[in-house]
Amino acid sequence: SRLMSTGRTQSPIPVITVDGPSGSGKGTISQALAGQLGWHHLDSGSLYRLLAYAALQESLDLSDESALTALAKRLSHAYRLPTQDNPAIELYGKDVSDALRTEGCADAASRIAALPAVRVALLAWQRHYRQSPGLVADGRDMGTVVFPDAVLKLYLTARPDVRAERRYKQLINKGIESDLPSLIKEVEARDARDSGRKASPLKPAATALVVDNSDLGEAETLQQVLDAAHAVL
Ligand code: DC
């Protein structure tokens, strides 16, 4: 609507974007940031994972753009993302949170995410979560493509070995078996695909504050991010 235009005199619902590669801690940090601010949180990767999961279930060809966009259309009313009251990700009323965390699903998500039509199909899904009083959105292209008018753009990163080790611990904690050497390979392959693709590649927005947290604890990273947020709000 006209009221939502980005003119300086109006005040659109504020968004803070947190982009970065897998294992950069962007999920944990954005959730904590949203909690501190009392804002909504969007984990945009879960949308790519949801679509990938459904595509795997239906044995779709993961390079078939029109089949995938048709599937996205069908799913748009069939899923729900976590809220404060219910942390589950649901598809057709079923809790699929754990299924979405597997490496198989992550790999499929990264493949379909390279397809431009898939990214366009998920744009409206993502922008729908921009709701009062504000949104913290994490992903790969939140600051560059989905919310270019964000009040603050953060780019979290860490060395690949550090990120693979974090991923390893997350999976083990969830009881998902895994081994570190192959995880490092998978993380590197996904990084290369996410950064090398033509459609919305993973990269810091021009004005992003880049935080390398390889040698920072979670509390220190959160403090840096909170300081940056309070400086602009
Ligand atoms: O953040 P994640 O690991 O849950 O994301 C899974 C995949 O989805 C990731 O490999 C790339 C893709 N993705 C994307 O292309 N753009 C986003 N905004 C979020 C995720």
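Both ligands and their constituent atoms are indexed starting at 1 by order of listing.
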Considering only Ile, Leu, Val, Met, Phe, Trp and Tyr, and joining two whenever side-chain heavy atoms are under 4.5 Å apart, list the other residues clustered with L37. I16, V18, I29, L33, W39, V136, V151, L152, L154, L156, L209, V211, L216, L222, V225, L226, V232, L233
Give the protein residues with at least one non-hydrogen atom closer than 4.0 Å to an atom of ligand 1, ordered by chain and number. K26, S44, G45, Y48, R49, A109, S110, A113, R119, G139, R140, D141, M142, R167, R190, D194, R197
In terms of side-chain heavy atoms, does [X] have a donor or acceptor partner in [Y] at a distance below 3.5 Å?
X: S24; Y: N213; result: no
X: S182; Y: D179; result: yes
X: S97; Y: D95; result: yes

Ring-plane angle category for Y79 and W125, please: parallel below 30°, perpendicular beyond 60°, tilted otherwise. parallel
For D19 and G143, indicate whether the former's side chain and the latter's backbone hold a donor-acceptor pair under 3.5 Å. yes
